[in-house]
J.: 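Please see the structure below; I have some questions.
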Amino acid sequence: MGFVFLLLAFFAIGVVQGQLRVGFYSNTCPDAESIVSSVVRNAAQSISNIPPVLLRLHFHDCFVEGCDGSILIENGPKAERHAFGHQGVGGFEVIEQAKAQLEATCPGVVSCADIVALAARDAIALANGPSYEVPTGRRDGRVSDVSLAANMPDVSDSIQQLKAKFLQKGLSEKDLVLLSAAHTIGTTACFFMTKRLYKFSPAGVSDPAINPDFLPQLQSICPQNGDVNVRLPMDRGSERTFDKQILDNIRNGFAVLESDARLYDDETTRMVVDSYFGVLTPIFGPSFESDFVDSIVKMGQIGVKTGPKGEIRRVCTAFN
């Protein structure tokens with residue numbers, strides 16, 4: 001009972017400090033969340049990869065300057081969105097479309113940062129993932145600089161580097177595993193596979209963590225000196241459904257991304273991965289979906305700006 005109370009007290013303190021709460025716009029813009037959901041749903045009907053794109057956008061926004069919409073700014077070549085670590089990030093037009101509709105309904109009320117967080121939630125639901133409530137009340141940041149994104153997690157990071165980068169943001173090893181599992185939907189480019197397939201060591205061999213039966217498949221899709229823009233699913237066999245299949249792939253050497261494979265190099269992260277596949281897990285074990293929700297909600301509160309620390313942009317691509 002005491003432990004539960006402490007958990008509740010900690011959560012309450014976190015909400016007060018962050019000043020985020022579920023239903024933040026219930027009085028000032030009651031249709032805010034349904035407007036975002038509608039825009040995301042319509043976008044996904046015409047562009048099939050919108051769910052993973054919007055989920056990735058949320059992650060990349062939060063990991064630089066906090067979840068403040070800084071990645072959305074387009075103010076020239078030094079804008080954050082042009083950072084090397086943000087390569088391939090998209091979904092900007094969906095966020096801008098939602099913002100335009102919200103401005104027409106409730107001008108100056110809903111932040112771009114909240115739109116990004118809500119759109120990620122809706123994207124996960126569209127991929128048959130868990131539904132969850134998003135605490136809102138973020139304000140938009142006033143800084144966007146390409147140099148601030150220099151320390152983004154990278155596909156070639158060691159497990160020690162990945163753990164350190166997540167810890168720096170207040171995220172645990174368990175959060176690292178669960179947020180990496182967001183790769184259950186979407187694709188990656190052969191550009192990110194070259195080192196793992198052909199230059200993993202100075203001798204020019206492939207990553208030994210790749211299952212021998214899987215290596216020829218990867219190399220056939222991404223041949224040496226081939227087209228680096230060819231794309232392949234990050235979750236072998238389940239790239240359109242949000243589920244824990246990617247964690248099972250990691251256990252068996254079928255991880256596509258190097259950073260995902262590294263989760264099985266470390267005892268702590270390996271135990272987290274394995275915890276979702278025990279014999280009694282369906283009855284007594286942890287729920288992957290529930291744990292993922294906890295982690296993404298936690299991530300969504302990194303470095304949030306509230307009150308006078310931020311602004312409500314008129315358009316998401318420019319400061320007021």
Side-chain angles (χ1 to χ4, degrees), residues 20 24-25 28-29 31-76 79-83 85-127 129 132 134-146 148-149 152 182 185-186 296-297 299-305 310-320:
L20 304 184
F24 183 85
Y25 299 108
T28 54
C29 191
D31 294 329
E33 296 196 20
S34 61
I35 288 172
V36 174
S37 295
S38 176
V39 170
V40 171
R41 188 167 55 252
N42 290 339
Q45 287 174 351
S46 55
I47 308 172
S48 62
N49 72 331
I50 278 297
V53 167
L54 292 175
L55 181 51
R56 187 175 185 221
L57 179 64
H58 183 34
F59 176 87
H60 280 251
D61 182 36
C62 290
F63 257 71
V64 182
E65 288 294 287
C67 311
D68 67 349
S70 58
I71 196 172
L72 305 173
I73 293 293
E74 180 55 283
N75 59 352
E80 179 199 318
R81 70 159 72 181
H82 300 302
H86 288 331
Q87 283 187 100
V89 174
F92 303 109
E93 69 289 343
V94 178
I95 304 302
E96 202 62 66
Q97 186 179 354
K99 177 63 170 173
Q101 290 195 24
L102 287 164
E103 285 298 297
T105 307
C106 320
V109 174
V110 183
S111 69
C112 299
D114 275 343
I115 297 171
V116 171
L118 290 167
R121 184 268 307 272
D122 297 332
I124 290 167
L126 285 174
Y132 60 96
V134 174
T136 44
R138 300 165 187 80
R139 291 174 76 87
D140 299 318
R142 298 188 178 99
V143 175
S144 178
D145 192 302
V146 67
L148 298 173
M152 281 293 299
I185 53 175
I296 197 166
V297 169
M299 184 193 81
Q301 301 195 42
I302 295 173
V304 294
K305 280 77 175 172
E311 63 183 18
I312 305 295
R313 291 184 207 143
R314 297 181 186 90
V315 296
C316 292
T317 54
F319 302 121
N320 289 345

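Computed from a predicted structure; not experimentally measured.
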J.: Can you tell if the side chain of V109 reaches within under 4.5 Å of the side chain of L102, non-hydrogen atoms only?
T.: no
J.: How far apart are the closest heavy atoms of A113 and C67, and which atoms are they?
T.: CB-O, 3.5 Å
J.: Donor-acceptor pair, distance only, cut-off 3.5 Å: does the side chain of D140 make one with the backbone of C112?
T.: yes
J.: What heavy-atom pair brings A79 and V146 nearest, and what distance separates the two atoms?
T.: O-CB, 3.6 Å
J.: Closer than 3.5 angstrom, by distance alone: can the side chain of S37 be matched with the main-chain N or O of E33 as a donor-acceptor pair?
T.: yes
J.: Check whether any side-chain heavy atom of V39 sits under 4.5 Å from a side-chain heavy atom of D122, and report yes or no.
T.: no
J.: Distance from F24 atom CZ to D114 atom CG, nearest 0.5 Å?
T.: 7.5 Å
J.: Should F59 and M152 count as side-chain neighbours, where that means a heavy-atom distance under 4.5 Å?
T.: yes
J.: So, for A44 and L126, which heavy atoms are closest and what is the spacing to 0.1 Å?
T.: CB-CD1, 3.8 Å
J.: Which pair of non-hydrogen atoms, one from S48 and one from P51, has the smallest distance, and what is that distance?
T.: O-CD, 3.5 Å
J.: Are any side-chain N or O atoms of S144 and backbone N or O atoms of E80, one a donor and one an acceptor, separated by less than 3.5 Å?
T.: yes
J.: Does a side-chain heavy-atom distance below 4.5 Å link L54 with I95?
T.: yes
J.: Given F92, which partner from the list T317, V53, L57 fulfils the side-chain contact (heavy atoms from CB on, under 4.5 Å) test?
T.: L57
J.: If only atom types and distance count, is the side chain of N320 paired as donor or acceptor with the main-chain N or O of I312 below 3.5 Å?
T.: yes
J.: With rounding to the nearest 0.5 angstrom, report the NE2 to CD1 distance, H60 to I71.
T.: 6.5 Å
J.: Between E65 and S70, which heavy-atom pair has the shortest distance, and what is it?
T.: CB-OG, 4.0 Å
J.: Any side-chain hydrogen bond (donor to acceptor under 3.5 Å, both in side chains) involving residues 96-106? Give me the pairs, sequence neighbours left out, ordered by first then second residue.
T.: K99-E103
J.: In sequence, state the C-alpha distance, the side-chain angles, and the governing distance for I296 and L55, and then conclude on side chain to side chain contact (heavy atoms under 4.5 Å, CB included).
T.: CA-CA 10 Å; I296 197 166; L55 181 51; 3.6 Å; yes
J.: Among all residues two or more places apart in sequence or in another chain, which pass the ring-ring contact (aromatic ring centres under 6.0 Å, His included) test with Y25?
T.: none
J.: A side-chain contact here means heavy atoms from C-beta on lying under 4.5 Å apart; do V297 and P135 qualify?
T.: yes
J.: At what distance, to the nearest 0.5 angstrom, does CG of D145 lie from CD1 of I73?
T.: 12.0 Å
J.: Do R142 and K305 make a side-chain contact, defined as non-hydrogen atoms from C-beta onward lying under 4.5 Å apart?
T.: no
J.: Taking the side chain as C-beta and beyond, is there a heavy-atom pair between M299 and H58 under 4.5 Å?
T.: yes
J.: Kindly compute the distance separating CG (D61) from CZ (R81), expressed to the nearest 0.5 Å.
T.: 11.5 Å
J.: If you compare all heavy atoms of G141 against all heavy atoms of R313, which two are closest, and at what distance to 0.1 Å?
T.: O-NH2, 3.1 Å
J.: How about V116 and R138: do any of their side-chain heavy atoms sit closer than 4.5 Å?
T.: no
